[in-house]
Number of protein chains: 2
Amino acid sequence: MVVHKKQIQTGTLGKALALLDLIATSREPLRFIDLLHLSGQPRGTLHRQLSHLLEEGLICLNDETGTYELGIRLLNWAALTWSRSSLRQVAEPFLKSIHDRTNETVHLAVLRGERVVYLDKVESRQAVRMHSQIGNTSPVYCTGVGKAMLSVLEDKTLEELAKRIEFKRYTEHTLANASALLLEVNDIRVQGYAEDREEHEVGIRCVAAPIISAKGQLQGGISVTAPVFRLQVGQLEQWQLWVKETAQAISAQLATRMGPYA
Amino acid sequence: MVVHKKQIQTGTLGKALALLDLIATSREPLRFIDLLHLSGQPRGTLHRQLSHLLEEGLICLNDETGTYELGIRLLNWAALTWSRSSLRQVAEPFLKSIHDRTNETVHLAVLRGERVVYLDKVESRQAVRMHSQIGNTSPVYCTGVGKAMLSVLEDKTLEELAKRIEFKRYTEHTLANASALLLEVNDIRVQGYAEDREEHEVGIRCVAAPIISAKGQLQGGISVTAPVFRLQVGQLEQWQLWVKETAQAISAQLATRMGPYA
DNA sequence: TGTTTTAGTTCCAAATAATGGAATTGATTT
DNA sequence: AAATCAATTCCATTATTTGGAACTAAAACA
C-alpha cells in the first residue's frame, strides 16, 4: 500500500520468507532436493531454515511424498487479516449496495507491488468461495481496479512501478508496454474511473474507481465486472458514475472511522 | 498435524512470528508503544523487528492511526495454502455429496495445537464467505470434529494435549475438564464417530468423524452440523453412518492420490 | 546379499545478524 | 517556548546463522 522510502535489509526473516515464497509459488510439489537446487542454499542452511518454518507451522511436510506444503497457520492469520481489514469492513455495505443496483460481480482490491490482490467480492448467485478470488492476485496493468489504483500514484512512483512490470498479452486488447499503460493512466486520472475492455479475458469488461485516504493516499479500489453479452447500451456509462460515487463514499467513510477492530 | 519429536529453537524467525501473532491476536489496534509493553522487548529491538515485518508485507502501518494491521501478503499465501491443500482437494466432492444428502452444513477441519482450524465448508443457501469459517478456529474439546480428531491420537499425545487445554464452559453441556474429555474420547474410539450435543452452542448439534492417512496418521475430520429444531428422530443415527463412511472414503482416496497440485 | 547411489541430517569454527541501552529526532501538549 | 511523550537511530556486545564436510538412512542396483 505504502511505497517504501528506503529498502531495508530484512536479514534472517527475509531469507526464511523467500524460502516460503518458493514453496508457495511453485507449481510442482517440492522435496528437500528440489529446494536445494531452487534456493541455491547450502544443505545445512536449507535444512535448518526448513526446520524452523516447519516448527513454526508455516509449512508442513507430507509424510507420504516427502514434499513440503504450506501450513495451516497461514490460513488462520489470513482469516484474521480479512475479518479485521478496516478497508474491507468499511467497504462491505457499499459493495452490497452497488451489487444490488447492477446485479453483477463487484470486487474490492488493494495494490501489492505490481499485482492486484482481491480483498472481497460480491457475486450474483454464489457468494464467495475462497478459491474464487479472495487473496488471489491479477496483474495490475490489465485489470480495471489495477489501472484505477495506478491513477492515484505519484508520477515517479508510477513510472518506477511501470518499469518493473513484465507485460504479457492475455487478449488482443491487453496493454502491451509501459508507455501504453502510462498513457491510459493519464486518461483515467482525468475521468476518475478506469475501464477494462476485454484486456484480461475475452468477453469480460469492467469499470473501476480508486479509494483514497483523507491524506490522498491510495487505499484500494472497487470494480463492477460483467460479460459483454449481458451489457445493455449505455450501461457502463451508468456504472461509471456509481463506481466513482461509491469509491468516493468509501473514501469519505474511511476518513471518519479509521482503524480496524472498530 | 504431526507431533514434534523434539522442540526446535526457531531463533530469529520465531521471535518475528511471535510479534506477528501478538498483532494478529490482539483485540485492540496496537501502536508502537502498546507493542513495547506487550512484547517486553527493548525499544531498538522492537523497532527493527517491526521494520522487518513491515518491509516483508506481513504487517502494514495505518498512516492515520499509527496502528499496525496484518498485511495482505498473508492473504495471498492463505489463498495458495487453501487451493493447494491436498486434503481439501480430495475431500471436496465428498463434502458436496454428504451435503446433498443431509442438506445441512458440512465442515472439513484440521487439528492445530489445541484448536480446530476449518479448512472448508459447504452450507445450505449461502456458499462460503471467508469470514464464516475458513481459517477460523474453535476449541478442540467442544466441537464434533475436534473430539473426532482427538480419538485418532496416541494415548500419550492425547494426554499431553488435554493437559494443555484451558477448559471454558460455553454451554451447560461443555466438557469441563481433561478427564471428562479423555473419557469421551474413549467412547468415540469405540464408536468411530463423535457427537457435539450442544457443547459449544445451545441449539446446535453435530456428528463428526476423523480422516487418517494410509499410515494411520491423523489428517483431519469432517462434520455435519444442524440446529436441534430441525432434527428428525433417528436423523443423527443416519448421519453418523454417512459421516463415518465419508471420512473413510476420503482416507482411502488420500492413500491413493497423495500430494498437492495433482 | 552386499554395494552403490541418492536423500536427508548433524556438526562446529567462522561469518553475519540481532540485541539493547543511550542518545537523537520528531510530534504533541501545556 | 518548554515540557512531555513517541518514535527512530546508533553501535559495541552478544547471539544466531552460515556452510562445508562428515555422517546416517534409505532406496536402487548388481
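Just so it is clear, the model here is predicted, and its values are computed rather than measured. Every chain is numbered from 1 and lettered A, B, ... according to where its sequence line falls, protein lines coming before strand lines. Excluded from the calculations below are hydrogen atoms, water molecules and symmetry mates; all remaining heavy atoms, backbone and side chain alike, are included.
- Between A:Leu61 atom CG and C:dG8 atom C1' the separation is 11 Å, expressed in whole Å.
- Note: CG (B:Leu19) to C1' (C:dA18) measures 14 Å, nearest angstrom.
- When distances run from any side-chain atom of A:Phe32 to the nucleotides C:dT10, D:dT8, C:dG8, the shortest one goes to C:dG8.
- Nucleotide C:dG20 holds its C1' atom 12 Å from the CG atom of B:Leu46, rounded to whole Å.
- If you measure from atom NE2 of B:His37 to atom P of D:dC5, you get 11 Å, rounded to the nearest angstrom.
- With rounding to the nearest 0.5 Å, the separation of CG in B:Asn62 from CG in A:Leu87 is 10.5 Å.
- Contact annotation: A:His47 side-chain N/O to C:dG8 OP1/OP2 distance is not under 4.0 Å.
- For the side chain to side chain contact (heavy atoms under 4.5 Å, CB included) with A:Gln41, the qualifying choice from A:Gln49, A:Arg48, A:His47 is A:Gln49, the only one to do so.
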Given protein heavy atoms under 4.0 Å, the one-letter contact record of nucleotides 12-21 of chain D, with B base, S sugar-phosphate only and - none, is simply ----SSBBB-
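- Rounded to whole Å, the distance from CG on A:Leu36 to P on C:dT6 is 14 Å.
- A salt bridge links A:Glu56 to A:Arg73: one of the charged nitrogens lies within less than 4.0 Å of a carboxylate oxygen.
- By the 4.0 Å N-to-carboxylate-O rule, A:Lys163 lies too far from A:Glu159 to be salt-bridged with it.
- If you measure from atom CG of B:Leu50 to atom C1' of D:dT9, you get 15 Å, rounded to the nearest angstrom.
- Using a 4.0 Å cut-off between charged side-chain N and carboxylate O, B:Lys96 and B:Glu92 make a salt bridge.
- Judged as a salt bridge (Lys or Arg N to Asp or Glu O under 4.0 Å), and not counting sequence neighbours, the contacts of A:Arg31 are A:Asp34.
- B:Leu35 has its CG atom 15 Å from the C1' atom of D:dT8, to the nearest Å.
- Nucleotide D:dC5 holds its C1' atom 10 Å from the CZ atom of B:Arg31, rounded to whole Å.
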